[in-house]
Amino acid sequence: MAKFFRAAIMGPPGSGKGTISRRIAQSFGLQYLSSGHYLRESIAANTEAGVLVKPYVEKGMLVPDHVMTRLMLPKLEDLSSHSWLLDGFPRTLAQALALNNLYQLDLVISLNIPYETLRERLSDRWIHPASGRVYNMIYKPPRVQGKDDITGESLIQQDDDKPEALMARLRHYKDVAKPVIDLYKSQGILHSFSGTETDRIWPYINSLLSTKMHTQPFDARQSQTP
Ligand SMILES: Nc1nc2c(ncn2[C@@H]2O[C@H](COP(=O)(O)OP(=O)(O)O)[C@@H](O)[C@H]2O)c(=O)[nH]1
Ligand SMILES: Nc1ncnc2c1ncn2[C@@H]1O[C@H](COP(=O)(O)OP(=O)(O)O)[C@@H](O)[C@H]1O
């Protein structure tokens with residue numbers, strides 16, 4: 001039976017998880033599942049899940065674990081015959097343990113980025129809500145100011161990237177991430193990367209994944225990524 005590659009990426013808001021995940025998905029053909037993007041999409045579409053999570057996401061608070069696992073685990077079931085990369089889930093120890101009951105991860109990437117860098121990046125982050133495409137007015141500006149490169153639609157700044165919500169998000173991240181990181185460290189699957197620039201971190205992540213996927217051939221099932 002084919003063995004699928006299961007990975008997760010962790011890091012505070014603005015640490016480059018989305019940017020790096022897209023590169024990984026493109027280079028290695030993994031399915032990419034971002035909890036934040038999925039929640040925002042559900043909120044925009046006003047689905048039952050969206051209505052439920054909206055008050056938390058708007059305040060930059062974590063969605064309760066039982067809600068999060070109830071939403072995410074069925075999505076993973078849909079991807080059971082694919083290799084995948086999770087971004088934003090699991091976020092807490094309870095979520096990590098729930099995931100652990102179903103899947104053994106092969107690799108967890110943890111990004112350590114200084115606070116000042118995070119603050120600067122998020123104040124310049126703009127997104128195209130329908131696709132989740134992310135821009136940065138300095139690092140990755142759109143071709144036309146304020147407009148998505150592909151559709152030409154308007155870009156927005158997320159409420160939770162605004163300074164009021166940002167501090168709360170960073171505080172929450174720090175508190176809850178440590179036991180999750182310790183769990184993956186104890187399983188021997190955690191790889192941490194530090195720095196202020198994604199382009200400098202990326203070659204190390206690229207070669208780590210090349211090595212992991214080469215030494216044990218995984219079935220990546222070339223997939224469409226956003
Ligand atoms: N200046 C700068 N901005 C970056 C870098 N890497 C990512 N970004 C931008 O920083 C913001 C946060 O990155 P993102 O991948 O969305 O982070 P996430 O919140 O961890 O998923 C986005 O606007 C990115 O375009 C970098 O190396 N330098
Ligand atoms: N695994 C999770 N558990 C609880 N809440 C989550 C989770 N993933 C996303 N969220 C909610 O969605 C918001 C946005 O998530 P995300 O896009 O991953 O943001 P970040 O930029 O914080 O990495 C979070 O502030 C939180 O309210």
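Order of appearance sets the numbers: ligands from 1, and atoms from 1 within every ligand.
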List ligand 1 atoms under 4.0 Å from [X], heavy atoms only on the residue side.
X      : value
Thr19  : 7 (C), 13 (O), 14 (P), 15 (O), 24 (C)
Thr198 : 5 (C), 6 (N), 7 (C), 26 (C), 27 (O)
Gly18  : 15 (O), 18 (P), 21 (O)
Val134 : 16 (O), 22 (C), 23 (O)

**Item:** Lys NZ or Arg CZ of Lys75 over Tyr38 ring: under 6.0 Å, within 45°
**Value:** yes

**Message:** Tell me every residue that passes side chain to side chain donor-acceptor pair (under 3.5 Å) with Tyr135, counting only those two or more places apart in sequence or in another chain.
**Reply:** Asp148

Pairs under 3.5 Å, nitrogen or oxygen of ligand 2 with protein nitrogen or oxygen:
from, atom 1, to, atom 2, distance (Å)
ligand 2, 1 (N), Gly88, O, 2.7
ligand 2, 1 (N), Gln95, OE1, 2.9
ligand 2, 3 (N), Gln95, NE2, 2.9
ligand 2, 5 (N), Val63, N, 3.0
ligand 2, 8 (N), Ser35, OG, 2.7
ligand 2, 8 (N), Gly88, O, 3.4
ligand 2, 8 (N), Arg91, NH1, 3.4
ligand 2, 17 (O), Arg40, NH1, 3.2
ligand 2, 17 (O), Arg40, NH2, 3.1
ligand 2, 18 (O), Arg91, NH1, 3.3
ligand 2, 19 (O), Arg169, NH2, 3.1
ligand 2, 21 (O), Arg125, NH2, 3.3
ligand 2, 21 (O), Arg169, NH2, 2.5
ligand 2, 22 (O), Arg91, NH2, 3.2
ligand 2, 22 (O), Arg169, NH2, 2.8
ligand 2, 23 (O), Lys17, NZ, 2.8
ligand 2, 27 (O), Met61, O, 2.6

**Request:** Output the rest of the hydrophobic cluster of Val51: all Ile, Leu, Val, Met, Phe, Trp and Tyr residues reachable through side-chain heavy-atom contacts under 4.5 Å, sorted by chain and number.
**Result:** none

**Message:** Heavy-atom distances under 4.0 Å decide this one: backbone, side chain, both or neither, for Pro13 against ligand 1?
**Reply:** backbone

**Contact check, Pro12 vs ligand 1, heavy-atom distance below 4.0 Å** = yes

**Message:** Less than 4.0 angstrom from a charged side-chain N to a carboxylate O is my criterion; do Asp65 and Arg91 meet it?
**Reply:** no

**Message:** Test of understanding: with ring-ring contact (aromatic ring centres under 6.0 Å, His included), list the residues that count as partners of Phe89, not counting sequence neighbours.
**Reply:** none

